[in-house]
Amino acid sequence: MAGSRTFEIKLVGDARDAVNAFQQLGQHMSGVNTKSVTLGTTLGNLISRGLTSLAGGVMDAARAFADLAVESVQLASDANEATSKAQVVFGKYADGLIKWSESAATAMGLSSRAAIDAAGTFGNLFVSMKIGQGQSSNMSQALVGLASDLASFNNTSVGDAMEALRSGLVGETEPLRKFGINLNDATLKAEAMRLGLIKTTSEALTPAAKAQAAYSLIMQQSTTAQGDFARTSDGLANQQRILAAQWEDAKTRIGNALLPVYKAVVKVLTEKLLPAFESWIKDIGPKLEEN
């Protein structure tokens with residue numbers, strides 16, 4: 001056998017030869033045993049570590065899937081809430097707005113949910129000012145698209161741009177100035193008169209007239225930024241926005257598929273398990289006090 005050794009033990013002559021031979025054999029076998037134990041320990045450690053890593057990987061994957069499932073269900077719920085709000089705000093015009101939101105990821109770097117939610121916020125403001133649902137829907141879609149362009153053009157967030165636009169519509173004009181839009185009472189009244197909303201500049205502006213005049217001026221003064229997202233959609237910043245929006249849309253679709261299961265689980269918890277647990281607590285409570 002490869003690596004084996006032959007030891008000759010002399011039983012005649014000087015007895016020291018026999019002693020030495022047995023000592024050599026013992027040392028060799030001791031070395032073999034030590035190496036075998038070391039090899040076995042090493043292999044055992046490797047296998048143990050491999051199994052531990054595999055188990056850890058499975059647990060990590062399970063946790064990641066659970067986190068994704070919970071997040072997806074929440075996004076789906078949020079998207080449904082945004083859609084429901086849009087249907088109330090825009091009435092029969094909501095279907096067109098929802099269809100518009102389907103391309104929001106590539107057109108504006110916004111998820112469908114984010115686009116509907118933002119449009120609903122603008123629309124709720126317009127409708128509360130007694131502006132018609134159809135006009136409110138058109139204006140809201142235009143403002144969401146403009147917010148995306150302003151964010152792209154000025155290297156800021158869409159949220160900041162939307163908040164500045166919302167502020168401008170209600171007369172808080174300062175936030176718009178960093179986006180190159182300058183509104184004041186004089187220009188608002190002049191625009192309102194041009195639009196036929198008032199007859200003279202001495203008239204007070206109603207909230208609706210102010211919002212419509214502000215909207216008109218905002219669109220006029222933002223022409224440089226308009227379309228910037230599309231023009232620079234190949235850039236890294238906008239590609240990242242598109243990717244993030246598409247990923248949110250994908251998770252929302254996953255959440256919609258999981259919603260029925262999630263609702264069923266929640267129903268069992270609220271209607272059966274929790275009442276049973278509360279009943280058990282009531283029963284066990286007095287017994288614990290006695291002890």
Side-chain angles (χ1 to χ4, degrees), residues 64-91 93-127 133 136-167 169 175 179 218 222 225-263:
F65 178 78
D67 291 342
L68 175 62
V70 171
E71 183 184 4
S72 296
V73 168
Q74 185 59 59
L75 284 171
S77 177
D78 292 344
N80 290 338
E81 290 292 331
T83 299
S84 178
K85 176 183 176 180
Q87 289 170 337
V88 172
V89 171
F90 300 113
Y93 300 97
D95 289 343
L97 183 135
I98 294 169
K99 183 68 176 177
W100 157 82
S101 74
E102 293 175 358
S103 61
T106 54
M108 296 176 285
L110 295 172
S111 67
S112 177
R113 176 206 58 81
I116 294 173
D117 188 52
T121 299
F122 284 125
N124 192 41
L125 176 64
F126 293 138
V127 171
Q133 290 178 320
S136 295
S137 177
N138 292 334
M139 293 167 66
S140 298
Q141 292 177 49
L143 286 171
V144 174
L146 178 59
S148 175
D149 287 333
L150 289 174
S152 175
F153 190 73
N154 294 279
N155 193 29
T156 187
S157 70
V158 177
D160 284 346
M162 286 184 181
E163 181 57 29
L165 290 170
R166 187 205 63 79
S167 298
L169 292 171
F179 295 103
I218 287 170
S222 61
Q226 289 173 24
D228 190 75
F229 183 85
R231 289 193 297 268
T232 60
S233 60
D234 290 337
L236 177 60
N238 285 339
Q239 281 292 306
Q240 289 175 325
R241 285 170 57 188
I242 291 172
L243 178 61
Q246 290 176 330
W247 176 228
E248 181 176 322
D249 285 342
K251 287 188 289 186
T252 301
R253 288 191 290 271
I254 293 172
N256 279 324
L258 295 174
L259 265 178
V261 176
Y262 186 80
K263 288 178 180 178

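Side chains are part of it too, since the values below use all heavy atoms of this structure and drop only hydrogens, waters and symmetry mates.
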Between Val89 and Gly123, the two heavy atoms sitting closest are CG1-C, 3.5 Å
Arg231 side chain to Gln226 backbone, donor-acceptor under 3.5 Å
yes
Are the side chain of Ser167 and the backbone N or O of Glu163 linked by a donor-acceptor pair below 3.5 Å?
yes
Tell me, with the steps shown, if Phe126 and Ser140 meet side chain to side chain contact (heavy atoms under 4.5 Å, CB included).
CA-CA 8 Å; Phe126 293 138; Ser140 298; 3.7 Å; yes
Atom pairs and distances, side-chain donor-acceptor, residues 251-260, under 3.5 Å, sequence neighbours left out:
unit_1 : atom_1 : unit_2 : atom_2 : d
Lys251 : NZ     : Glu71  : OE2    : 2.7
Thr252 : OG1    : Glu248 : O      : 2.8
Asn256 : ND2    : Thr252 : O      : 3.4

How long is the gap from CG on Leu150 to CD1 on Ile218, to the nearest 0.5 Å?
9.0 Å
Regarding Thr232 and Asn238, do their side chains bring together a donor and an acceptor under 3.5 Å, going by distance alone?
yes
Determine yes or no for a side-chain-to-main-chain donor-acceptor pair under 3.5 angstrom, with Thr83 supplying the side chain and Ala79 the backbone.
yes
Without swapping roles, check the side chain of Ser111 against the backbone of Ala114 for a donor-acceptor pair under 3.5 Å.
yes
Using only atom types and a distance under 3.5 Å, with no angle test, would you say the side chain of Asp149 pairs donor to acceptor with the backbone of Gly227?
yes
Nearest 0.5 Å, please: how far is CZ in Phe90 from OG in Ser136?
6.5 Å
Here the gap from Leu75 atom CG to Trp247 atom CH2, rounded to the nearest 0.5 Å, amounts to 10.0 Å
Looking only at heavy atoms, which two atoms of Val144 and Met162 are closest? And how far apart?
CG1-CE, 3.9 Å
Side chains of Phe122 and Arg166, heavy atoms from C-beta outward: is any pair under 4.5 Å?
yes
OG on Ser77 to CG on Asn80, rounded to 0.5 Å
6.5 Å
Option passing side chain to side chain contact (heavy atoms under 4.5 Å, CB included) with Phe229 (candidates Ile242, Thr106, Leu146):
Ile242
Tell me whether Thr156 contacts the main-chain N or O of Ser152 through its side chain, where contact means a donor paired with an acceptor under 3.5 Å.
no
I'd like to know if the side chain of Arg241 and the backbone of Met108 have a donor-acceptor N/O pair within less than 3.5 Å.
yes
Run the numbers on Ile116 and Trp100 for side chain to side chain contact (heavy atoms under 4.5 Å, CB included), then give the verdict.
CA-CA 9 Å; Ile116 294 173; Trp100 157 82; 5.5 Å; no
Main chain of Ala119, side chain of Gln141: is a donor-acceptor contact present, judged purely on distance under 3.5 Å?
no
Any chance you could measure Asn154, atom CG, to Asp228, atom CG, to the nearest 0.5 Å?
8.5 Å
Short question: side chain of Asp117, backbone of Arg113 - any donor-acceptor pair under 3.5 Å?
no
Looking only at heavy atoms, what is the nearest atom pair of Val158 and Leu110, with distance?
CG1-CD2, 4.0 Å
Sorted by chain and number, sequence neighbours left out, salt bridge (charged side-chain N to carboxylate O under 4.0 Å, His left out) with Glu81 holds for none
Distance, nearest 0.5 Å, that separates OG1 of Thr121 from CG of Leu165
12.5 Å
